[in-house]
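Below is one structure, written out as structure tokens; comments come after it.
The analysis underlying the following values was restricted to heavy atoms, covering all of them including side chains, and did not include hydrogens, waters or symmetry mates. Here, residue 1 is the first one in the sequence, and each next residue gets the next number.
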Amino acid sequence: MTARAPLVLLVVAILLGGYIALFERDQPKQSDVEARDGFLLAPLARAHVTAVEIQPATGETIRLRREGEGFDETWTFESPAAGSVDLEKIEDYLRNWEFAIPTRTLEAPSDEDLRNFGLTE
């Protein structure tokens with residue numbers, strides 16, 4: 001084995017570590033997802049939600065964006081008009097999604113079923 005082989009392996013290890021640090025760190029841990037088994041949106045973590053978009057069947061799309069984290073967190077309307085959002089209301093909205101329990105399950109839904117529910121997957 002030459003002296004270059006350990007150096008190449010070190011570079012590969014550093015690159016893999018960098019990939020994990022950049023792309024995987026914000027993903028929910030497997031134990032967190034497993035603890036939420038049975039909820040409609042098991043991998044949903046409110047701390048990772050940075051925007052909300054509501055598209056009613058009729059009317060304008062409502063967009064909200066989160067800035068900051070923790071005690072510095074603020075939510076603002078981006079459309080249909082700019083403005084501040086009541087933090088208690090958005091927290092209730094997100095909590096309802098986070099802890100939603102499915103009441104029915106579509107087994108092998110067709111593309112038409114998905115479209116009817118506004119889903120792509």
Please tabulate, for the side chains in residues 62-71, all donor-acceptor contacts under 3.5 angstrom to protein atoms that are two or more places apart in sequence or on a different chain.
unit_1 : atom_1 : unit_2 : atom_2 : d
R63    : NE     : E53    : OE1    : 2.8
R63    : NH1    : S79    : OG     : 3.2
R65    : NE     : E78    : OE2    : 2.8
R66    : NH1    : A47    : O      : 3.0
R66    : NH1    : V49    : O      : 3.4
R66    : NH2    : A47    : O      : 3.3

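- Clustering ILVMFWY residues whenever any of their side-chain heavy atoms sit less than 4.5 angstrom apart, transitively, puts F99 in the very cluster that holds I101.
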**Request:** Run the numbers on W75 and L94 for side chain to side chain contact (heavy atoms under 4.5 Å, CB included), then give the verdict.
**Result:** CA-CA 12 Å; W75 283 86; L94 292 174; 3.8 Å; yes
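- The side chain to side chain donor-acceptor pair (under 3.5 Å) search around N116 returns none, not counting sequence neighbours.
- Residues L114 and P109 come closest through the heavy atom pair CD2-CG, 4.0 Å.
- Judged as a side chain to side chain contact (heavy atoms under 4.5 Å, CB included), and not counting sequence neighbours, the contacts of S110 are E112, D113.
- Screening L10, V11, L16 for a side chain to side chain contact (heavy atoms under 4.5 Å, CB included) with I14, the sole residue that qualifies is L10.
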**side chain to side chain contact (heavy atoms under 4.5 Å, CB included) between V85 and Y93, intermediate numbers included** = CA-CA 12 Å; V85 176; Y93 179 80; over 6 Å; no
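- D111 CG: 12 or fewer foreign heavy atoms inside a 6.0 Å radius.
- Partners of D92 by side chain to side chain contact (heavy atoms under 4.5 Å, CB included), not counting sequence neighbours, listed by chain and number: E88, R95.
- With rounding to the nearest 0.5 Å, the separation of CD1 in I90 from OG1 in T76 is 10.5 Å.
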